[in-house]
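Only one structure is covered here, and it is reproduced in the block below.
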Amino acid sequence: MSRTPRAVVEDFFDRMADDDQRETVGELFATDATITLPGATFSGPDAANAMLEWLAPRYDWAAKSYGTWIEAGDYCISQGTLYGEDIDGERFEDVRYVDVYRVEDGLIERLDIYNDLAADGVVTPETAGTAAEGER
């Protein structure tokens with residue numbers, strides 16, 4: 001029996017929060033996964049690693065304060081706030097986010113990330129929207 005979508009998403013969050021496990025998040029994604037976030041889209045077997053690479057220069061670190069969880073069939077939605085430290089060492093908090101996951105057969109097929117990092121000045125709109133060619 002495969003895990004619930006929320007269990008897969010919580011595993012993803014745990015790995016993202018752990019420097020020693022962050023590079024293993026790709027194991028949680030299907031080979032044809034699509035990840036979209038403000039300014040970029042990544043697809044295919046390397047989508048998770050490409051996302052991590054793209055995020056690295058945008059802020060020093062970020063974590064989540066969970067608010068609402070919604071599960072419906074293959075979907076899991078997590079809503080809450082982000083906090084952390086921007087690339088210049090300035091702390092930020094109370095930045096809204098909503099993540100929408102579609103999980104099939106225990107793997108993340110699609111992840112749509114929405115947040116106010118640019119609106120709240122944590123990243124500039126230019127930085128938030130900078131993606132490597134072919135990733136939009």
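Here the shortest heavy-atom pairing between P5 and C76 reads CB-CB, 4.0 Å. The two residues A30 and L107 come nearest to each other via the heavy atoms N-CB, 3.8 Å. Taking each heavy atom of A47 and A33 in turn, the nearest pair found is CB-O, 4.0 Å.
Between R15 and E23 no salt bridge is recorded (no basic side-chain N to carboxylate O distance below 4.0 Å). Taking a cutoff of 4.0 Å between a charged side-chain nitrogen and a carboxylate oxygen, R3 and D11 qualify as a salt bridge.
Transitive grouping of hydrophobic side chains (ILVMFWY, heavy atoms separated by less than 4.5 Å) brings V8 and I113 into a common cluster. Side-chain heavy atoms closer than 4.5 Å link hydrophobic residues (I, L, V, M, F, W, Y) into clusters, and following such links, possibly through other members, connects L28 to M16. By the criterion of side-chain heavy atoms lying less than 4.5 angstrom apart, applied directly or through intervening Ile, Leu, Val, Met, Phe, Trp or Tyr residues, I108 is grouped together with Y66 in one hydrophobic cluster. V123 is not connected to Y114 by any chain of hydrophobic side-chain contacts under 4.5 Å among Ile, Leu, Val, Met, Phe, Trp and Tyr, and they are in different clusters. Residue Y83 is not grouped with residue F13 when hydrophobic side chains (ILVMFWY) are merged at heavy-atom distances under 4.5 angstrom, including chains of intermediate members.
Looking at heavy atoms from C-beta onward, I35 lies out of side-chain contact with R110 at the 4.5 angstrom threshold.
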TODO: Output, in order, the C-alpha distance, side-chain angles, deciding distance and verdict of side chain to side chain contact (heavy atoms under 4.5 Å, CB included) for D86 and D60.
DONE: CA-CA 5 Å; D86 72 16; D60 191 34; over 6 Å; no
Open item on the list: For a side chain to side chain contact (heavy atoms under 4.5 Å, CB included) check, start with the C-alpha distance between V103 and D74, then their side-chain angles and the critical distance, and finish with the verdict.
Closed with: CA-CA 5 Å; V103 179; D74 292 337; 5.6 Å; no
- [ ] Go through L117 and L82 one step at a time and tell me if the side chain to side chain contact (heavy atoms under 4.5 Å, CB included) criterion holds.
- [x] CA-CA 9 Å; L117 287 168; L82 299 167; 4.1 Å; yes
Task: Trace of the side chain to side chain contact (heavy atoms under 4.5 Å, CB included) decision for L55 with L37 - done: CA-CA 10 Å; L55 289 173; L37 55 157; 3.7 Å; yes
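Between W69 and Y75, the distance separating the two ring centers is not shorter than 6.0 angstrom.
Using the six-membered ring where Trp is involved, F12 and F29 have ring planes that are perpendicular, over 60° apart on the 30 and 60° scheme.
With sequence neighbours excluded, the residues satisfying salt bridge (charged side-chain N to carboxylate O under 4.0 Å, His left out) with D19 are R22.
No donor-acceptor pair closer than 3.5 Å links the side chain of E109 to the backbone N or O of D32.
T34 and S43 share a side-chain donor-acceptor pair at under 3.5 Å.
Atom CD of Q21 and atom CG of D14 lie 7.5 Å apart (nearest 0.5 Å).
More than 12 heavy atoms of other residues, nucleotides or ligands shown are found within 6.0 angstrom of CD on E104.
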Side chains of residues 88-100: which donor-acceptor pairs under 3.5 Å do they make with residues two or more places apart or in other chains?
| residue | atom | partner | partner atom | Å |
| --- | --- | --- | --- | --- |
| R96 | NE | D116 | OD2 | 2.7 |
| R96 | NH2 | D116 | OD2 | 2.8 |
| Y97 | OH | S78 | OG | 2.7 |
| D99 | OD2 | K64 | NZ | 2.3 |
| D99 | OD2 | Y101 | OH | 3.3 |

